[in-house]
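Here is the structure we will look at, set down as structure tokens.
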Amino acid sequence: MSRRKSVSPNEGGETAETPAVAAAAAPSTGGGTHDGGGPGGPRPEPIRFFGTTWVAHDSGYAARRVGVAAGSLTAAVGACFLLRFAYQGLEIANASPFVGVLVIVMFSVCGAIAFRKTWEGFSKRPVDAAREEALRSLKGIGFIGSLIAYFLRSLAEAPGEGLRRAEYETAVTRYERGRTARTRNPAARRSGRTRRK
């Protein structure tokens with residue numbers, strides 16, 4: 001003989017929310033947000049060197065952009081000089097021309113891959129984590145490309161700001177819709193009247 005499970009109200013006379021209402025009321029956080037865990041809703045995701053200053057462009061946001069741009073450009077130029085010295089070392093060691101050409105091609109290709117993947121990472125999240133892990137060594141060899149990408153992006157915004165802003169605004173919109181759906185829930189209004197009685 002099957003037993004039917006009775007649904008009883010929560011403590012204080014409150015009626016449990018339906019799964020649909022609970023899902024709508026819960027704040028949805030994307031990759032660019034953190035769940036605030038309170039009435040404040042989603043919180044913006046910090047960006048390296050910028051924190052959350054990208055939200056309102058305050059607390060030295062402009063100075064941070066200048067610093068990141070100058071730092072990445074300086075590091076890229078310094079890395080180019082180091083590679084130049086390394087190539088001269090090959091010439092001094094009387095290495096074959098093939099080795100020299102191979103080194104140039106290797107750093108050029110890896111630099112192009114690093115620049116492209118870094119630039120794409122500013123506007124969208126990686127889809128294939130395994131592929132990104134496989135390309136990590138190539139990006140490490142072509143780190144100059146990543147530095148150039150950081151420099152160019154810093155001229156317009158904090159690197160990754162556009163992606164995180166879109167995710168943050170989407171999360172805030174969903175959170176506000178969830179709050180509206182919860183306040184309009186008839187069960188919640190009935191439970192409020194029961195408590196007043």
Side-chain angles (χ1 to χ4, degrees), residues 17 20-82 110-133 135-185 188:
E17 292 182 349
V21 175
S28 174
T29 58
T33 59
H34 298 293
D35 186 357
R43 293 179 297 177
E45 178 185 356
I47 298 179
R48 182 180 298 177
F49 305 123
F50 291 88
T52 57
T53 61
W54 57 269
V55 178
H57 290 181
D58 56 0
S59 301
Y61 168 82
R64 293 169 188 252
R65 271 182 52 192
V66 172
V68 170
S72 57
L73 180 61
T74 302
V77 173
C80 289
F81 277 111
L82 290 178
C110 292
I113 293 175
F115 176 87
R116 178 184 175 184
K117 301 305 294 185
T118 303
W119 190 265
E120 289 179 350
F122 295 148
S123 57
K124 63 181 180 180
R125 299 283 179 177
V127 178
D128 190 349
R131 178 180 174 83
E132 292 296 322
E133 185 68 22
L135 292 175
R136 178 175 296 183
S137 58
L138 295 179
K139 292 169 65 176
I141 296 174
F143 66 98
I144 295 179
S146 297
L147 292 173
I148 295 175
Y150 263 90
F151 166 72
L152 295 177
R153 196 69 172 191
S154 298
L155 298 178
E157 63 176 11
E161 175 182 344
L163 172 63
R164 286 162 177 80
R165 185 176 299 279
E167 293 174 342
Y168 175 63
E169 292 175 353
T170 300
V172 170
T173 300
R174 291 179 178 175
Y175 175 79
E176 294 297 333
R177 289 177 181 174
R179 290 182 58 187
T180 302
R182 181 165 51 186
T183 55
R184 293 179 179 177
N185 180 21

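Note that the structure is a prediction, hence the values are computed from the model and not measured. Any value given below was found using the heavy atoms of this structure, including those in side chains, with hydrogens, waters and symmetry copies removed.
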W119 and F115 aromatic ring geometry - parallel, tilted or perpendicular at 30°/60° bounds: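 Geometry flag for W119 against F115: parallel rings.
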Taking every non-hydrogen atom, the tightest pair across [X] and [Y]:
X: I47; Y: P159; value: CG2-O, 3.5 Å
X: A76; Y: L147; value: N-CD1, 3.7 Å
X: L163; Y: S123; value: CD1-O, 3.6 Å
X: P126; Y: E132; value: CB-CG, 3.5 Å

Salt bridge flag under 4.0 Å for residues R153 and E157: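 So R153 pairs with E157 through a salt bridge.
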Lys/Arg-Asp/Glu bridge criterion (N-O < 4.0 Å) met for R164, E167: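 So R164 does not pair with E167 through a salt bridge.
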R65 side-chain N/O to S154 backbone N/O, donor-acceptor pair under 3.5 Å: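 Checked: pair present.
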Any donor-acceptor N/O pair, W54 side chain to E45 backbone, under 3.5 Å: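 Such a contact is found between W54 side chain and E45 backbone.
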Salt bridge (Lys or Arg N to Asp or Glu O under 4.0 Å) against E120, all qualifying residues, sequence neighbours excluded: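 Testing E120 for salt bridge (Lys or Arg N to Asp or Glu O under 4.0 Å), a comparison that skips the adjacent residues, returns R116, K117.
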ring-ring contact (aromatic ring centres under 6.0 Å, His included) involving F151 - partner list, sequence neighbours excluded: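 By the ring-ring contact (aromatic ring centres under 6.0 Å, His included) rule, F151 matches no residue at all.
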To the closest 0.5 Å, what do you measure between [atom1] ([X]) and [atom2] ([Y])?
X: T118; Y: L152; atom1: OG1; atom2: CG; result: 11.5 Å
X: C80; Y: I148; atom1: SG; atom2: CD1; result: 6.5 Å
X: L138; Y: C110; atom1: CG; atom2: SG; result: 5.0 Å
X: T173; Y: Y168; atom1: OG1; atom2: OH; result: 10.0 Å

Ring pair (Phe, Tyr, Trp, His ring centres under 6.0 Å) contacts touching residues 56-81 (sequence neighbours left out):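 Those involving residues 56-81 are F50-Y61, H57-Y61.
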